[in-house]
2 protein chains.
Amino acid sequence: MPGPPPTALQPRKTPRQSRSRVTVEAIFEATIQVLLRGGMNELTTTRVAERAGVSVGTMYQYFPNKQALVYALNARYLDALAARIEATCREHAGAPLGQMVEALINTYWTAKTERADVTRALYRSVAELNNDVLIHAFAERVDRATTEMLASACDAVFPDVPRANLALVTVIYGTVRNAFERGVSDQEAAALRQDLTTMCRAYLANFRA
Amino acid sequence: MPGPPPTALQPRKTPRQSRSRVTVEAIFEATIQVLLRGGMNELTTTRVAERAGVSVGTMYQYFPNKQALVYALNARYLDALAARIEATCREHAGAPLGQMVEALINTYWTAKTERADVTRALYRSVAELNNDVLIHAFAERVDRATTEMLASACDAVFPDVPRANLALVTVIYGTVRNAFERGVSDQEAAALRQDLTTMCRAYLANFRA
DNA sequence: CCAAAACCTGAAGCCTTCCTCATATTCTGA
DNA sequence: TCAGAATATGAGGAAGGCTTCAGGTTTTGG
């Protein structure tokens, strides 16, 4: 049961005028760029500010420290990802299991690969954070959506929905991530994705009504 | 095709006398401990040396820099892990598919969970390394073993062994890792592990002779 | 037993980084 | 229009980290 994010990691103040919204946006984008080039080791406040075209002081007006910046960036990313998954789940409420699996894998896979380098950079950056809160919040939110979807399947009845859900999402998210880390080729990725779908379908077949 | 590890990351010299072997061992252990406490951010050379009961200078006699230390630690861990997987694969050459899957999952899962905190710490530490070389070397070595095992199955014939292998290992390794990151309970873990086995078996059933 | 090799020490130099703050600029609302 | 709020600046203080090296101690091989 994760509490709220540590106060030391919360944003300092939220931009009110449009110019500052642009600034914050630039800072986020710059952070990604720096992360892409040199990873966490070379992510310095000066470098980010420089790349964003603002001064260090400006950065510190919105983020109390460096960690908070990376934290916010990841929170932002996960929020968008969760929203996409939720949308997929809504769209497939009441559908047959097969379609659900395919849709879920498709959404997740696409979200991760459409900007593969960014995904990788974030995967790495989040590793040095106190990411438990982030991860849990994300997991909880997304679990709610997928569980609900599964329970609504028109051609299945689950003796234990949360269990089936956990198996599904863990396998899917884990596989995608591992595929990333291995740096599989496009060909391999395509085959892998197909096989992953096969596996999930075969698993869910056990619950056919 | 990854080359050899960057020279900047190679150990400086290998201990010859037994006392220095003890020292190096202590340094490794200390590194793990420090990593456990505070992660990469708090891993400083001074702290590691202090915890190991040696002076900083000693550390630098064996590792040219801090990164090399973490690199070596991970290389060591992956080497042991690979050895265990290879052993499992040898033991199950010619066995039926079902047993192979179960054994592989068992070995990997056990290896990761018997010292869960260490596993987690290393997962995190490796994220800030130039880990491509490490990952690839590990993957290649382990793939060789598992592929060979699969090909030897007494009750199956694969149209494309490497493909089936990639699917299997990516799903297994990825799932285990993701389970870690979510911090699943023991109960959930047990169920998940069972379901993972079910999935893999169902997948492999497609190749039954 | 002794010389050479291996090993260990830890204070100190150098460098980078984070973050603040006093000041300047821009915007908003009445 | 203009006062006050919001935003931006960037040099510099303070802290801490990495790494070296000159000089000790221990071990080994003969």
Side-chain angles (χ1 to χ4, degrees), chain A residues 6-31 33-35 37-73 125 128-130, chain B residues 6-31 33-35 37-73 125 128-130:
Chain A
T7 57
L9 291 182
Q10 276 171 329
R12 203 163 239 173
K13 78 177 184 189
T14 33
R16 303 208 169 288
Q17 305 177 355
S18 76
R19 110 184 111 136
S20 55
R21 272 192 293 274
V22 170
T23 298
V24 171
E25 187 53 41
I27 291 175
F28 277 136
E29 192 54 38
T31 308
Q33 295 304 325
V34 175
L35 235 31
R37 280 198 62 74
M40 259 313 219
N41 336 32
E42 300 188 20
L43 186 88
T44 70
T45 53
T46 334
R47 206 135 26 201
V48 169
E50 189 181 19
R51 179 118 203 172
V54 302
S55 75
V56 226
T58 298
M59 239 197 62
Y60 278 89
Q61 209 140 32
Y62 300 101
F63 306 97
N65 52 56
K66 200 177 79 168
Q67 285 222 343
L69 170 65
V70 181
Y71 189 93
L73 183 65
S125 76
E128 352 193 358
L129 256 46
N130 253 0
Chain B
T7 56
L9 291 181
Q10 276 172 329
R12 203 163 238 171
K13 78 178 184 188
T14 34
R16 305 209 168 287
Q17 305 178 353
S18 77
R19 114 183 109 138
S20 56
R21 272 191 293 274
V22 171
T23 297
V24 171
E25 187 54 39
I27 292 175
F28 277 136
E29 192 55 36
T31 308
Q33 295 304 326
V34 175
L35 235 31
R37 280 198 64 74
M40 258 314 220
N41 336 31
E42 299 188 21
L43 187 90
T44 70
T45 53
T46 335
R47 227 173 324 240
V48 168
E50 189 180 18
R51 178 119 204 171
V54 302
S55 76
V56 227
T58 299
M59 241 198 60
Y60 277 87
Q61 209 140 33
Y62 302 101
F63 306 98
N65 51 57
K66 202 177 75 167
Q67 285 223 341
L69 171 64
V70 181
Y71 189 94
L73 183 65
S125 75
E128 351 194 359
L129 257 47
N130 253 359

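The chains referred to below are lettered A, B, ... by the order of the sequence lines, with proteins before strands, and numbering in each begins at 1.
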Does the A:Thr44 side chain pair with the main chain of A:Arg47, one donor and one acceptor, at a distance under 3.5 Å? yes
Where the side chain of A:Lys13 is concerned, which of D:dT9, D:dT7, C:dC8 is the nearest nucleotide? D:dT7
The residue among A:Phe63, A:Tyr62, A:Tyr71 that forms ring-ring contact (aromatic ring centres under 6.0 Å, His included) with A:Phe28 is A:Phe63
Let me know the distance between NZ of B:Lys66 and P of D:dG16, rounded to the nearest Å. 15 Å
Between CZ of A:Arg16 and C1' of D:dG4 the distance, given in whole Å, is 15 Å
Verify the contact: side-chain N or O of B:Arg47 to OP1 or OP2 of D:dG17, cut-off strictly under 4.0 Å; return yes or no. yes
Tell me whether the side-chain N/O atoms of A:Ser55 come closer than 4.0 Å to OP1 or OP2 in D:dA8. no
Does OP1 or OP2 of D:dA8 have a side-chain N or O of A:Thr23 closer than 4.0 Å? yes
Which is true for A:Ser20 with a 4.0 Å heavy-atom rule: it touches a base, it touches only sugar-phosphate, or it touches nothing? sugar-phosphate
Has A:Thr31 got a side-chain atom pairing as donor or acceptor with A:Ile27's backbone, closer than 3.5 angstrom? yes
Comparing A:Arg12 and A:Ser18 on DNA chain C - which has the more 5′ nearest nucleotide: A:Arg12
Rounding to an integer number of Å, can you tell me how far A:Asn41 CG sits from D:dG17 C1'? 14 Å
Between C:dC7, D:dG17, D:dA6, which nucleotide has the shortest distance from any of its atoms to the side chain of A:Arg19? D:dA6
Starting at CG of A:Leu43 and ending at C1' of C:dT17, how long is that distance when rounded to a whole Å? 12 Å
Can you tell me the distance, in whole Å, between the CZ atom of B:Phe63 and the P atom of C:dC7? 13 Å
Spacing of B:Gln17 atom CD relative to D:dT28 atom C1', expressed in whole Å: 7 Å
B:Gln33 backbone acceptor or donor facing B:Arg51 side chain under 3.5 Å: no
For C:dC18 and A:Thr45 - does any side-chain N or O of the residue sit under 4.0 Å from the phosphate oxygens OP1/OP2? yes
Using modelled atom types and a 3.5 Å cut-off, is there a donor and acceptor pairing between side-chain atoms of B:Asn65 and backbone atoms of B:Leu9? no
Identify which nucleotide among D:dC18, D:dA6, D:dA11 has an atom closest to any side-chain atom of A:Val56, counting heavy atoms from C-beta outward. D:dA11
Rounded to whole Å, please give me the gap between CZ in A:Arg21 and P in C:dC27. 13 Å
In whole angstroms, the gap separating C1' of C:dT26 from CD of A:Gln61 amounts to 13 Å
Can you tell me if the side-chain N/O atoms of A:Tyr60 get under 4.0 Å from OP1 or OP2 in D:dA8? no
